[in-house]
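Report on the following structure.
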Amino acid sequence: MKLFLDSANIAHITEAMSWGAIDGVTTNPSLVAKEGQDFFPLLKQICELVNGPVSMETVSRDAQGMIDEGLVFSKLDPNIIVKCPLIKEGLKATRELTARGVRVNVTLCFSASQALLAAKAGAYYVSPFVGRLDDISVDGMALIRDMKTMFANYRFATQILVASVRHPLHVIEAARIGADIATMPFSVLETLVKHPLTDAGLERFLKDWDQLPAKAKAWKTKIGAQLPIR
Ligand code: G3P
C-alpha cells in the first residue's frame, strides 16, 4: 500500500519525506490557499521535494477549462497527476486528458456509482472521501469495500486513493481492504508513528543506560570523536 501526504505545506512535506514512508503528495485548492503562496512556484517546489506522484487540482467548472489547466500542469513535471472533480464535466475532461497521456485523479467521489464512471472514463486514481462520508453518518469505508470489489470484478486499472482520512483507523482499515493508496494530513501521519509504550520503553532504556558507570560508556565518546560521516 502506498501512503501519500495530503498537504501543500513545504515544511510538512520535507519532514514526511525524510521518514521514508511517503510515496507521493496530494493537494487541493483549499490546501494550496492555506499556504498563501504563488501557485506555480509552490507546485514546482513540491515536485522537487517528492520523488513520486503529485496531484494538483483543476479549478474550472467546464471540461475544456479542466483540460486546458491539466495540460499546463502536466508540462510542469512528469510526476504531476491532474485532479478533476467527479461531475459530468470532470468525466469528459478525464476521458480527454487520459487519451492525451495525462494521468487523472478523479476527486470528490462519494458513491460507488460515481467510482464506476470514473474508472470507465479512464481515471488513473479515484479519490473517495471517507471522512466527509463519516461526517454525514455514512460509512466511508463501506464505499472502499464496494470499490475494491467492483474494480476487481472487471479488472479496472484505476487505483483507489482513499482521501479525507481523519485518523489512523482509516489508514489501517484501508490497508485491510486492500486500497492502493491512502492520503493523509501530516497530523494523521504523526499519529501513525506514535505509541505510548514505545515512548515509555525508550525512556526506560535510556534511564537504565544512564546508570552505567562513565567508564563503561566510554566507547560512545570515542565513536563520537571518530565519526567520519558527520
Ligand atoms: O484530498 C482530499 C482531502 O484533502 C479532503 O480532506 O479532511 O478536507 O475532508 P478533508
Side-chain angles (χ1 to χ4, degrees), residues 1-13 15-17 21-37 39 42-43 46-47 49-50 52-61 66 69-70 73 79-87 90-91 93-94 97 102-112 114-115 117-119 123-144 147 158-175 177 179-192:
M1 185 197 200
K2 289 187 174 151
L3 302 181
F4 287 0
L5 194 68
D6 196 28
S7 172
N9 183 281
I10 295 299
H12 286 166
I13 295 171
E15 173 67 12
M17 292 306 295
I22 292 299
D23 305 287
V25 162
T26 51
T27 67
N28 61 39
S30 308
L31 292 171
V32 169
K34 228 160 72 179
E35 299 308 310
Q37 288 180 42
F39 180 69
L42 179 64
L43 176 54
I46 294 173
C47 290
L49 285 170
V50 181
V54 175
S55 287
M56 296 304 300
E57 191 154 342
T58 55
V59 287
S60 290
R61 291 176 192 274
M66 291 174 206
E69 289 167 27
F73 291 175
N79 278 329
I80 289 280
I81 312 281
V82 175
K83 271 174 126 175
C84 294
L86 222 164
I87 55 175
L91 291 175
T94 299
L97 285 166
V102 176
R103 293 174 296 175
V104 178
N105 174 355
V106 180
T107 188
L108 288 164
C109 173
F110 292 97
S111 74
Q114 286 182 315
L117 292 179
Y124 187 71
Y125 298 143
V126 62
S127 293
F129 278 29
V130 292
R132 291 193 195 182
L133 281 171
D134 289 355
D135 287 347
I136 56 159
S137 304
V138 175
D139 181 3
M141 295 320 292
L143 172 58
I144 308 304
M147 286 171 63
T158 304
Q159 296 177 52
I160 303 170
L161 196 170
V162 180
S164 186
V165 161
R166 302 278 172 76
H167 49 70
L169 279 181
H170 275 151
V171 181
I172 300 309
E173 192 55 22
I177 295 168
D180 301 283
I181 307 147
T183 189
M184 69 206 78
F186 188 69
S187 56
V188 172
L189 181 68
E190 279 188 308
T191 62
L192 294 188

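Note that ligands are numbered from 1 as they come in the structure, with each ligand's atoms numbered from 1 the same way.
- In terms of protein heavy atoms, atom 8 (O) of ligand 1 is closest to Arg132 NH2, 2.8 Å.
- Contact annotation: for Val165 versus ligand 1, there are no heavy atoms closer than 4.0 Å.
- Within the structure, the closest approach of Glu57 to ligand 1 does not fall below 4.0 Å when heavy atoms are considered.
- In Met184, neither the side chain nor the backbone holds a heavy atom less than 4.0 Å from any atom of ligand 1.
- Between Met141 and Leu169 there is no side-chain heavy-atom pair separated by less than 4.5 Å.
- You'll find the side chain of Val82 reaches within 4.5 Å of the side chain of Thr58, heavy atoms only.
- Scanning the protein heavy atoms around atom 6 (O) of ligand 1, the nearest turns out to be Ser164 CA, 3.4 Å.
- Heavy-atom contacts of Lys83 reach the following atoms of ligand 1: 1 (O) (cutoff under 4.0 Å).
- At the top of the distance list for atom 7 (O) of ligand 1, counting protein heavy atoms only, stands Arg166 NE, 3.0 Å.
- Considering only heavy atoms from C-beta on, Asp135 comes within 4.5 Å of Arg166 through its side chain.
- Residue, atom and distance of the protein heavy atom nearest to atom 4 (O) of ligand 1 are Asp6 OD2, 2.3 Å.
- In summary, the atoms of ligand 1 found under 4.0 Å from a heavy atom of Asn28, numbered by their order in the structure, are 1 (O), 2 (C), 3 (C), 4 (O).
- No donor-acceptor pair closer than 3.5 Å links the side chain of Thr107 to the backbone N or O of Lys83.
- The shortest distance between side-chain heavy atoms of Thr27 and Leu42 does not fall below 4.5 Å.
- Across Met66 and Ala93, no two heavy atoms sit closer than the pair CB-CB, 3.7 Å.
- Nearest non-hydrogen protein atom to atom 2 (C) of ligand 1 is Phe129 CZ, 3.2 Å.
- Ring orientation note: the planes of Phe39 and Phe73 are tilted relative to one another, at an angle of 30° to 60°.
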